[in-house]
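Here the structure comes first, spelled out in structure tokens, and everything after it is commentary.
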Number of protein chains: 2
Amino acid sequence: MSEPQTTSGVADDAAAEVPWLSTAEQRAWRQFLEGTMRLNDVLHRDLERDCGLSLAEYEVLVRLSEAPGRALRMSVLAASLAHSRSRATHTVRRMSERGLVQRVACPGDGRGVNCVMTEEGFALLVASAPAHVRSVRRHLVDRLTAQEFLTLGACLDKVAQACRAGAEP
Amino acid sequence: MSEPQTTSGVADDAAAEVPWLSTAEQRAWRQFLEGTMRLNDVLHRDLERDCGLSLAEYEVLVRLSEAPGRALRMSVLAASLAHSRSRATHTVRRMSERGLVQRVACPGDGRGVNCVMTEEGFALLVASAPAHVRSVRRHLVDRLTAQEFLTLGACLDKVAQACRAGAEP
DNA sequence: CGGGATTACTATAACCTTCAACTATTCACT
DNA sequence: AGTGAATAGTTGAAGGTTATAGTAATCCCG
């Protein structure tokens, strides 16, 4: 990320082997880090305050709302959220304790578990979406031109694909 | 973020009040979410595996390495990391238990605490930086054109500024 | 059919972050 | 000086995430 400031030159050997980041790149990288962190923070806080949902829980509800029968297998849900299966299990357990989703055995595959959205869960999503969209607009979309925002999406999509692929050069 | 799919039209009332996201915007938003999440994940994992450091700990070392005397007051450190003071306290405590930093009373202000990098901490940063930079390049920088990357930084900087300001329109 | 490999998911514990409450010090003002 | 407000930082508990190991069902293929 950033070259350790040193008067001893001890870091220069490393710099010789690794293509370091230019000053401009370094600034861009830090801006990226801080921006994504702060955005995540504020969206999470808004959603928690206004709707009593974490970002992760909201995402679960969105995915389920779009699935046929408002149901998704745990593994599919986890993959679609880019979460570990373990994380999905915990999140869904907490949500089911609140009555937002239900877990039912997967017909046809005894190993599988289907996560189904309850009416209550759907109602909460419907009630929460406007405030959340407003928040996303206010903190992200409205800060950029339409073109910038779409470019942002395209860039991060390339990154996501590389990460998914394991990111060999 | 995304309009709940509904056949009942129950969400349309909300949509009437809130400027929803267009299909293209929605795609961009999800790409952004997934990309930042996966990038964060893979960078964290790489750093942890190669160097035994979390991203947060690495950032602490970077900030300290750039500070005069390789020391920073806790509150300055926390602000510069965009972390809560509490989080900074915990992180620094763990790092000091490993001998990477030291906490010393702040001369001139009895309330303050200075966090000072040890030689060991500096050595670990120097040893870790090359692998981390490689990781950032591989997963982010090299996936984009130079122009795209700088634009990315500029966009997230606008977002960060808005978040810092409290984001009134 | 049957036994090993694979897949699907869960449980436990360790770790990190957040939150709220708390102590100590300094500042502002009379 | 003296008191109330603000600042600096820590603490401990609660909650979420990750890692690891475990159980159960299915698949594969001889």
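This is a predicted model, so every value here is computed, not measured. The chains referred to below are lettered A, B, ... by the order of the sequence lines, with proteins before strands, and numbering in each begins at 1.
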Holding to salt bridge (charged side-chain N to carboxylate O under 4.0 Å, His left out), I want the full list of residues that pass it with [X], two or more places apart in sequence or in another chain.
X      : value
A/E25  : B/R137
B/R93  : B/E97
B/R94  : none
A/E148 : B/K158

Atom-to-atom span, [atom1] of [X] to [atom2] of [N] - whole angstrom:
X      : N      : atom1 : atom2 : result
B/M74  : C/dT25 : CE    : P     : 17 Å
B/L53  : C/dC15 : CG    : P     : 16 Å
B/E48  : C/dA14 : CD    : C1'   : 12 Å
B/R103 : D/dA8  : CZ    : P     : 16 Å
A/L72  : C/dA8  : CG    : P     : 14 Å

Dump every N/O contact between nucleotides 23-26 of chain D and the protein below 3.5 Å, one line per pair.
unit_1	atom_1	unit_2	atom_2	d
D/dA25	O3'	A/G110	N	3.4
D/dT26	OP1	A/G110	N	2.7

Exercise. Apart from A/V116 itself, which Ile, Leu, Val, Met, Phe, Trp or Tyr residues share its cluster (side-chain heavy atoms under 4.5 Å, direct or through members)?
Worked result: A/V104

Exercise. Does a side-chain N or O from B/T89 land closer than 4.0 Å to OP1 or OP2 of D/dT11, or not?
Worked result: no

Exercise. Any side-chain donor paired with an acceptor under 3.5 Å for B/R63 and B/S80?
Worked result: yes

For this session: If a protein heavy atom is under 4.0 Å from the base, mark B; if only from the sugar-phosphate, S; if neither, -; do that for nucleotides 13-19 of chain D going 5' to 3'.
Result: ---SBBB

Problem set entry | Pairwise side-chain hydrogen bond (donor to acceptor under 3.5 Å, both in side chains) hits with a residue in residues 111-131 of chain A, at least two apart | A/D109-A/R111

Problem set entry | Pairing residues for B/Q147 by the side-chain hydrogen bond (donor to acceptor under 3.5 Å, both in side chains) criterion, not counting sequence neighbours | B/T151

